[in-house]
Structures are given as structure tokens and as C-alpha cells.
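To start, the structure itself, in C-alpha cells.
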Amino acid sequence: MPIDGQPVLCVVACGGRPAADLPAFVAQMQTAGWHVCVVATPSALKFMDCDALATLTGHAVRYDYKQPDEPDVLPQPEAFIIAPATFNTINKMAAGASDTLALGMLNEAIGMGLPIIAVPTPNVALARHPAFQASVKALRSWGVDLMFDPDRWPLPTPNMGPPAAGLFPWADLVHAATALTEATTKA
Ligand SMILES: Cc1cc2nc3c(=O)[nH]c(=O)nc-3n(C[C@H](O)[C@H](O)[C@H](O)COP(=O)(O)O)c2cc1C
């Protein structure tokens, strides 16, 4: 549901190094006209500055299901971006698992036909795993926009360390998100 006329974008962070770089991306999405909130998997938290993101978005970074009697503090999103999307979360999403708040929201989004752009960041070995390849195929068939093409967006090698974050295609994600902005504001 739009807030102050702005569509709501939920940025989902999974447990990989690019999660540390979310504040700059969130600021770009805000400039593009989105009201942004951030949801993290528990594994993502160790990479993130949640206080900085809360200040930037005006919403606490949520990572766990709320208690039944707690108010829902996040606005209802119109679209989702998963950045980064781990091997683990991509496979669980394709299997319909909902054991994190992030997965629960993403599974509902698939059921509601909401737009989702995900940037998977398996390493080159995990990218060849048959379960991952099947997950990519399933998610694409359900309409999830996966920015996964190792020829275009090279993947880290196992144990690459901090330089892995430099491979993340932030500029192309901003470009893809701009198309999403146009589609959502016209809808
Ligand atoms: C330093 C570090 C970097 C990691 N980077 C990635 C990554 O880029 N991609 C990935 O699929 N998993 C990565 N992992 C492993 C995930 O964090 C792990 O599989 C975790 O269970 C993912 O949980 P989530 O999908 O709920 O976020 C990394 C782990 C560590 C400790």
C-alpha cells in the first residue's frame, strides 16, 4: 500500500558480504521514488549496519516473525528486491520453505504475484549444484526476475573473501529496479 503516494519496496538481505553495501542502494531506491523498508535473514545481520538502515528508511530492520499481539510495524510492500540472495535462501524459496521472516514474506509475494528481483550470489561451485539450477528454473517459471547469468555477472570463487562483494552488480540492479519503478507506478 503506497505511503505518502510512494510505492513500498521491501529490500531483503541474505547472509553475504554485499549486505554491508545496502545503505547506498537503499538511498538510490528512495531517490527513484520508493518508500523502502529492509528485511534481513538472521544470517544477514552480521554483515549489516541495521541502525544506519533504520535511520535511512524510518523502519526497524525486521528479521524475525512478530509476536501475535505485536503490531505489524512494516508497511505492505508492492515489490521486493533480494540483494544479496544466498544459495540457501534461493533453494528454500523454490522449495516453499518459510523458516525465516524473509522467506515468509517472499513466499506470500510469489502467491500474490508481486514483482521480485533477486540477485543470487552462490560461488561458482554452488552455482553448478543441481538443486540450485532447479531452483533457478522453478523461480523463473513463477515470474521471479533472477539476475543470474555467470557470463554477464561473474560469481565469486569459494573462499574468495572480501573482494567477493566487489563482484555484486549494483549498477545493473539499479537499472533493473528503475524498470520496476516505471511498471509499478504505471500499474
Ligand atoms: C563471510 C561469509 C560470506 C558469505 N557469503 C555468501 C554468499 O555470497 N553467498 C551465499 O550463498 N552464501 C554466503 N555465505 C553463507 C551463508 O551466509 C549461509 O549459507 C547462511 O546459512 C545463509 O542464510 P540465509 O539464506 O538465511 O541468509 C557466506 C557466509 C559467510 C560467513
Side-chain angles (χ1 to χ4, degrees), residues 9-26 36-54 57 59-66 74 77 80-111 114 116-140 142 144-174 176-177:
L9 174 68
C10 181
V11 176
V12 176
C14 302
R17 294 181 190 277
D21 299 326
L22 277 176
F25 175 68
V26 166
V36 183
C37 59
V38 179
V39 168
T41 66
S43 294
L45 294 175
K46 60 178 166 287
F47 299 96
M48 299 167 67
D49 184 343
C50 291
D51 289 342
L53 287 163
T57 63
H59 300 284
V61 174
R62 292 280 313 279
Y63 61 93
D64 201 0
Y65 288 101
K66 68 180 182 66
L74 287 186
F80 288 78
I81 287 177
I82 318 174
T86 50
F87 173 82
N88 179 56
T89 287
I90 287 289
N91 287 329
K92 287 202 289 188
M93 191 167 41
S98 270
D99 63 351
T100 62
L101 172 66
L103 279 165
M105 293 176 71
L106 291 165
N107 289 332
E108 285 181 359
I110 289 174
L114 294 176
I116 301 173
I117 301 175
V119 188
T121 59
N123 64 37
V124 289
L126 294 174
R128 292 190 201 114
H129 193 293
F132 180 78
Q133 293 185 358
S135 297
V136 166
K137 198 172 168 190
L139 291 169
R140 282 184 170 150
W142 301 338
V144 178
D145 180 357
L146 292 184
M147 287 177 54
F148 175 71
D149 177 354
D151 290 334
R152 185 170 176 195
W153 298 298
L155 298 169
T157 50
N159 301 314
M160 189 173 180
L167 293 174
F168 195 88
W170 287 114
D172 286 347
L173 178 58
V174 169

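Note that ligands are numbered from 1 as they come in the structure, with each ligand's atoms numbered from 1 the same way.
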Go ahead and list the nitrogen or oxygen contacts between ligand 1 and the protein that come in under 3.5 Å, distances to 0.1 Å, or just say none.
unit_1: ligand 1; atom_1: 8 (O); unit_2: Thr121; atom_2: O; d: 3.3
unit_1: ligand 1; atom_1: 8 (O); unit_2: Thr121; atom_2: OG1; d: 3.4
unit_1: ligand 1; atom_1: 9 (N); unit_2: Thr121; atom_2: O; d: 2.6
unit_1: ligand 1; atom_1: 9 (N); unit_2: Thr121; atom_2: OG1; d: 3.2
unit_1: ligand 1; atom_1: 11 (O); unit_2: Phe87; atom_2: N; d: 2.8
unit_1: ligand 1; atom_1: 14 (N); unit_2: Gly15; atom_2: O; d: 3.3
unit_1: ligand 1; atom_1: 17 (O); unit_2: Gly15; atom_2: O; d: 2.6
unit_1: ligand 1; atom_1: 23 (O); unit_2: Ser43; atom_2: OG; d: 3.3
unit_1: ligand 1; atom_1: 23 (O); unit_2: Asn88; atom_2: ND2; d: 3.3
unit_1: ligand 1; atom_1: 25 (O); unit_2: Thr86; atom_2: OG1; d: 2.5
unit_1: ligand 1; atom_1: 25 (O); unit_2: Asn88; atom_2: ND2; d: 3.0
unit_1: ligand 1; atom_1: 25 (O); unit_2: Thr89; atom_2: N; d: 3.4
unit_1: ligand 1; atom_1: 25 (O); unit_2: Thr89; atom_2: OG1; d: 2.5
unit_1: ligand 1; atom_1: 27 (O); unit_2: Gly15; atom_2: N; d: 2.8
unit_1: ligand 1; atom_1: 27 (O); unit_2: Thr41; atom_2: OG1; d: 2.6

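Using a distance-only test at 3.5 Å, with no hydrogens or angles considered, no donor-acceptor pair links the side chain of Tyr63 to the main chain of Val39. The backbone N or O of Ala97 lies less than 3.5 Å from a partner atom in the side chain of Asn107, making a donor-acceptor pair. A side-chain donor-acceptor contact under 3.5 Å links Arg62 to the backbone of Asp64.
Using a 4.5 Å heavy-atom threshold, the side chains of Leu155 and Leu167 count as separate.
When all heavy atoms of Ala60 and Leu74 are compared, the pair lying nearest together is O-CD2, 4.0 Å.
More than 12 heavy atoms of other residues, nucleotides or ligands shown are found within 6.0 angstrom of CG on Asp99.
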